[in-house]
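Working notes for the structure below.
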Amino acid sequence: MAKALEDTAFYRFNRLVSLNEVGGDPGKFGTGVDEFHRQNRTRLKSWPMALLASSTHDTKRSEDVRARISVLSEVPNEWRAALNRWTRLNRKLKSMIDGALAPHRADDYVLYQTLIGTWPLEGLTNANRDRYQQRISDYIVKVAREASRFTNWVNPDEAYEAALSGFVSGLMDPRRSRIFIKDFEEFLATIRDAGLANSLTQQLLKLTSPGVPDIYQGTEFWDDSLVDPDNRRAVDFDLRTTGKKSDDDLLSGQAKLALTRAVLSARRERPDVFSRGEYIALSATGPEADSVVAFARAFEGDVAISVGSRLIQRSGDVFGNTEFWKATVVELPEPLFSSESDAGEDTPFGSSTLELTRLFEKAPIAFLKSWKGTT
């Protein structure tokens with residue numbers, strides 16, 4: 001099963017590679033909010049202590065890579081136009097093998113999606129180019145061997161694999177591909193923040209949904225890992241304990257780390273809320289209601305609320321864009337905001353609705369808690 005489907009078919013059928021994950025179904029595009037809530041209620045009832053994992057040693061692409069690639073589903077026309085431009089620009093980088101250009105367009109397509117998911121957040125620089133190029137070159141050769149179309153593990157086609165590596169090298173050569181790199185980074189800039197928002201929402205939902213969340217090595221920061229051996233690289237523990245990559249909390253990954261730390265601290269303070277607590281789906285109303293997913297976990301007067309965003313690339317400025325969320329609110333059922341919950345009038349629980357212009361003032365996610373007997 002694994003060899004035929006996940007290690008062959010998933011490397012051939014590359015319509016949207018963020019769907020081609022272990023245990024996944026690339027024929028199914030996403031899950032609606034109602035279905036998400038239904039599955040969570042089922043998990044709470046039947047498997048409340050089951051593992052919740054978004055990256056593992058065996059994933060084809062890390063959680064953050066998938067989150068960024070998935071934004072392409074929101075911009076199909078722009079994506080198609082970009083692919084057409086890049087195909088024309090990069091034709092000169094291909095090799096002729098047995099009368100045909102190599103690499104094949106099928107490999108081009110998975111390569112461009114991979115670049116969308118893994119391109120350095122700081123951009124391609126002299127400092128990171130060689131290492132990144134080698135990682136992508138090694139990866140795309142493995143992809144081609146797994147797909148077994150033009151090369152394979154038993155009888156590798158050295159000429160085709162050399163063409164693949166040469167193509168990757170040419171794409172990242174600032175002298176040969178200056179126009180492509182500029183165009184690619186401009187396109188990526190239009191979807192990057194939506195991908196980061198996807199990652200933060202995914203992390204929040206994983207940490208607070210019914211089940212036991214697992215954080216694979218290194219993924220408390222942004223993680224651009226691909227399939228093994230790429231996802232077996234050593235974790236930079238010094239970075240995680242003493243510093244950060246840049247002064248930008250978003251680009252450095254500090255935002256993801258801060259979210260992870262805050263929710264895990266809450267789980268430690270009130271473990272019963274998350275292991276035994278009731279699961280309460282929350283509804284949103286307003287013009288952007290379809291872009292919200294929210295629920296509460298409640299146990300004996302303790303309440304934690306998770307609010308995330310989805311499908312928000314169209315908002316433009318994803319972080320701090322309060323105008324986009326104007327007039328959209330999350331509705332709270334009466335037990336979550338009554339005086340019996342010990343929530344004061346100056347807390348988000350002090351009314352029957354949560355205004356997203358307030359909650360999403362800095363980032364399009366929010367985690368709220370109200371512990372019984374505390375303010």
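Keep in mind it's a predicted model, so treat the numbers as computed, not measured.
Other residues sharing the hydrophobic cluster of F295, ordered by chain and number and joined by side-chain separations under 4.5 Å: V33, F36, L44, L205, Y279, V293.
Pairs of residues two or more places apart, or lying in two chains, that qualify as side-chain hydrogen bond (donor to acceptor under 3.5 Å, both in side chains) and include a residue from residues 192-201 are D64-S199.
For the residue pair E122/N128, the side-chain donor-acceptor check at 3.5 Å is satisfied. Side-chain contact of T56 with D58: a donor-acceptor pair under 3.5 Å is absent, judged by distance alone. Side-chain contact of Y160 with R149: a donor-acceptor pair under 3.5 Å is absent, judged by distance alone. Looking at S137 and S165, their side chains do bring a donor and an acceptor atom within 3.5 Å of each other. Donor-acceptor pairing under 3.5 Å is lacking for the side chains of D130 and Q134.
Using a cut-off of 4.0 Å between Lys/Arg side-chain N and Asp/Glu carboxylate O, K256 and D223 are scored as not salt-bridged. Contact check on R145 versus E161 returns a salt bridge, with a Lys/Arg side-chain nitrogen under 4.0 Å from an Asp/Glu carboxylate oxygen. Ionic pairing of K142 and D228 is present here: one or more N-O contacts between side-chain nitrogen and carboxylate oxygen are shorter than 4.0 angstrom.
The local environment of CD in E361 is sparse, with at most 12 non-hydrogen atoms from other residues, nucleotides or ligands closer than 6.0 Å.
Put simply, the side chain of T59 never gets that close to the backbone of S55: no donor and acceptor are under 3.5 Å apart. Judged by distance alone, the side chain of T357 and the main-chain N or O of T322 form no donor-acceptor pair under 3.5 Å. Formation of a donor-acceptor pair under 3.5 Å by the E185 side chain with backbone atoms of L124 is found in this model.
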Would you give me the side-chain donor-acceptor pairs under 3.5 Å for residues 281-288, sequence neighbours excluded?
from, atom 1, to, atom 2, distance (Å)
E288, OE1, R314, NH2, 2.5

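Under the 4.5 Å side-chain heavy-atom criterion for Ile, Leu, Val, Met, Phe, Trp and Tyr, W79 and F29 are members of the same hydrophobic cluster. Put simply, L196 and L359 are part of the same group of oily side chains (I, L, V, M, F, W, Y) that touch within less than 4.5 Å, one to the next.
Using cut-offs of 30° and 60° on the angle between ring planes, the pair W86 and F184 is tilted. Classified by interplanar angle (parallel below 30°, tilted 30° to 60°, perpendicular above 60°), the ring pair W119/Y132 is perpendicular.
At least one side-chain heavy atom of I116 sits less than 4.5 Å from a side-chain heavy atom of F187.
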